[in-house]
Each structure stands twice: as C-alpha cells, then as structure tokens.
Number of protein chains: 2
Amino acid sequence: MTIKAIHTQVRFDQLVSKLKRLGYRLTPQRMALLRSLAVENDHPSASQLYDQLRSQFSTTSIATVYKTLNLLKDLDEVLELGFSDDDNRYDGNRPYPHPHLVCIRCRRITDPVIDGADTLLHKVADVSGYEVIGHRLDFFGLCPVCKEHELGIPERK
Amino acid sequence: MTIKAIHTQVRFDQLVSKLKRLGYRLTPQRMALLRSLAVENDHPSASQLYDQLRSQFSTTSIATVYKTLNLLKDLDEVLELGFSDDDNRYDGNRPYPHPHLVCIRCRRITDPVIDGADTLLHKVADVSGYEVIGHRLDFFGLCPVCKEHELGIPERK
DNA sequence: GTGCTTGCAAACAGTTTGCAGATAG
DNA sequence: CTATCTGCAAACTGTTTGCAAGCAC
C-alpha cells in the first residue's frame, strides 16, 4: 500500500467520523463521494465527481453531488475553488485557503509547496486596515508537461 | 480639478485613442462606458456600468456593456475579476494582474499597496517548473468601515 | 453606402431548489 | 417509524449569441 493510498484512507475515515458524529446519514452515495474527495492531490469538478459516482450508482443525480459538496463546505471539510468561466473545483484534503497552480492548457490544479503566503497576508492586513479572513492565491500558467507540448513536442496521452 | 479627476481624464483619453487607432467606432454608448471605466479606484460590475449607461441612454442594453467589456478585455485594457458566486468586476485602470482586497460585507474592492507579490510569483515558478503567465491574488475580509459595524453597530439590510 | 455596432430576445451553462418517493438509523 | 436524503425536473443568474435595424465613418 502506497503512502498516497494510506493518506486517502485516513482522510476518508476522518470525513466519515465527522458526519457520523454530527448525526448526518451515511448513504452509499455519500460514502462513495467522500472516497472520491479523499483522494490526495486532486481537485475534481462537480461533474467529474458525478461521473465517478454514476459508475457505481447509475441513477444518481448531479443535485446529490452538489448537496453533499455544500454540506461539506459548510462543515469546513471541503474547499471550493470557484471559477466564473469554468466548473468550480473542490479540494477535500486541504479545506483551508492555500495557493494553487492552475494549468491553462490541461486545467490540472496542484498545490505548490511554497512559503511566503502568510507574510503577504499579514502585510496586506497591516497596510489596509482590513480584518483579513480568507484569501485566494491562484497562479496560472503551463505545467511542465504542457510547456513541452507548446514547444512543438507531440502530445502524449 | 483634483488629481483623481485628472487621472480619469488621462485614462479616458488613452482608451479613446487606442480604439480610434485600431479602427473601432466611437459610438456615444462606448464613450460613456469608457468614461465610467476610467474612474480611478473603482471596480464596477457589468450591471453597475449598465445602470450608469442607462441614465444617459435609456434604451441601451446589458449586451452592449458586455460586448464592449469583452472588446477591451481582448485589447488588454480591462482586467476582469471573475467571481463564481457573484457578478464579475472590471478594472479599467490597472489592466494587469495585481492583488485585490475584497470586503465580504459591502463588496467594495480596493487595490492594496504592497510589494512581495512578485517574489511569491517567482518562487512558485521555481518550485513547480510551471511557466507562470498570470495570477490572481484576492484577500477577503472586512474593510475598516464594516469592521466597526460588526463590533456592535446594527447591520442595515 | 458599407459594414460595424446596437438592442432586443432567446440561448446557454453551472448551480440551486422544490417536491415526491426512498431509506438510514 | 420518521426525518433526512435522493433523484428528477424546473428555476435561477450572470453572461453570451443571433439577428434585424441603426448609425459612425
């Protein structure tokens, strides 16, 4: 079992316990969705989650996906990354504001390992007099794979 | 004439020259919209711009507003700030990525005067191997005025 | 006069909501 | 048993598009 698989299992268990503790019902659809969300390093869209769910429950609906995502959002267990010109994306692993890297070609979203965001945060609060409660730091560009493609190297799948 | 008013005039002239130079038609509706966009330190929504336009041209339509905004966006003369759960906002004065402060209570958007964003940008590029092309740095919180209100002064709806 | 622009209405896409029937606890 | 959850369809919202008429150049 890989480290990644262990992380997924731990996160899944966390989510299940929290819902159980708060008295929410653990329907099969919810369990499956929690499992998809617990997969590490992924930032799926609602419709990607819907597709995954539908492979197990052929009659499920996108409304169920959204209702569960909104529940988890309210419980601070999922971070929603809204995009006005694209599907929103969901992070079930780090449900607190943090920087994201968005590839404008393949739309993959990753979490860069950087510090310095908090420094900037405090600087903004100091300078502006705002009480800063949240933030959204997105960097757009070409991921290493797509950068190669743009240079003329043929696409690999 | 205030410094602010001078800035607005200069920016308005810039926009008009660019459209003229590129052969776009300077209709009265466009001129009025350019004037609204050139107002400094403002981040209006399409419908706010529409309201302003309608006070001069009672039969104008929101489609005209969007068409002109998209034209200016393509010419890199307007920065669009998309919000998945709210109207998009437009910055006609600094049409390049820069940090924003968003008040979650009154929805006012301002430009904080900070440095350090570029440092973070280069750090992200170095660490990730991405070719970073753009960014979006938003800080959410309570502006000084709304912070006071939250401290006990009753909210008005 | 030419063809870009406007203004209206309809289309569009992602998300949310209402409700009747199903089901977890 | 019963309150919550599901699944369907309709509603909703901000933005875009198609097209006929208007008007800048």
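Side chains are part of it too, since the values below use all heavy atoms of this structure and drop only hydrogens, waters and symmetry mates.
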Can you tell me the distance, in whole Å, between the [atom1] atom of [X] and the [atom2] atom of [N]?
X     : N      : atom1 : atom2 : result
A/L69 : D/dC5  : CG    : P     : 15 Å
B/Y50 : C/dC8  : OH    : C1'   : 10 Å
A/L71 : D/dA3  : CG    : C1'   : 15 Å
A/D74 : D/dC5  : CG    : P     : 12 Å
B/L49 : D/dG14 : CG    : P     : 15 Å

What residues, two or more places apart in sequence or in another chain, satisfy side chain to side chain donor-acceptor pair (under 3.5 Å) together with [X]?
X      : value
A/S36  : A/Q52
A/Q29  : none
A/E131 : none
A/Q56  : none

Please list, for nucleotides 18-20 of chain C, all pairs of protein and nucleotide N/O atoms separated by less than 3.5 Å.
from, atom 1, to, atom 2, distance (Å)
C/dG18, O6, A/K67, NZ, 3.1

[X] with [Y]: basic N within carboxylate O range, under 4.0 Å:
X      : Y      : value
A/R54  : A/D51  : yes
A/R136 : A/D138 : yes
B/E80  : B/K73  : yes

Set out, in order, the CA-CA distance, both residues' side-chain angles and the distance that settles salt bridge (charged side-chain N to carboxylate O under 4.0 Å, His left out) for B/D13 and B/R11, then state yes or no.
CA-CA 5 Å; B/D13 291 342; B/R11 181 64 185 143; over 6 Å; no

Expected list for residues 11-36 of chain B near DNA chain C, using heavy atoms below 4.0 Å, is B/Y24, B/R25, B/T27, B/Q29, B/R30

At a heavy-atom distance below 4.0 Å, what parts of residues 52-61 of chain A sit against DNA chain D?
A/T59, A/T60, A/S61

For DNA chain D, find the residues of residues 75-94 of chain B with a heavy-atom distance under 4.0 Å and give them by number; none if there aren't any.
B/D87, B/N88

Got a sec, which residues hit salt bridge (charged side-chain N to carboxylate O under 4.0 Å, His left out) with A/R25, two or more places apart in sequence or on another chain?
none

Sequence neighbours excluded, the answer for salt bridge (charged side-chain N to carboxylate O under 4.0 Å, His left out) partners of B/R108 is none

What ring pair (Phe, Tyr, Trp, His ring centres under 6.0 Å) pairs are there with at least one residue in residues 2-40 of chain A, not counting sequence neighbours?
none

Contacts of A/H100 meeting ring-ring contact (aromatic ring centres under 6.0 Å, His included) (sequence neighbours excluded), chain-then-number -> A/H43, A/H98

Nearest heavy-atom contact between B/V65 and B/Y50 is CG2-CA, 3.9 Å

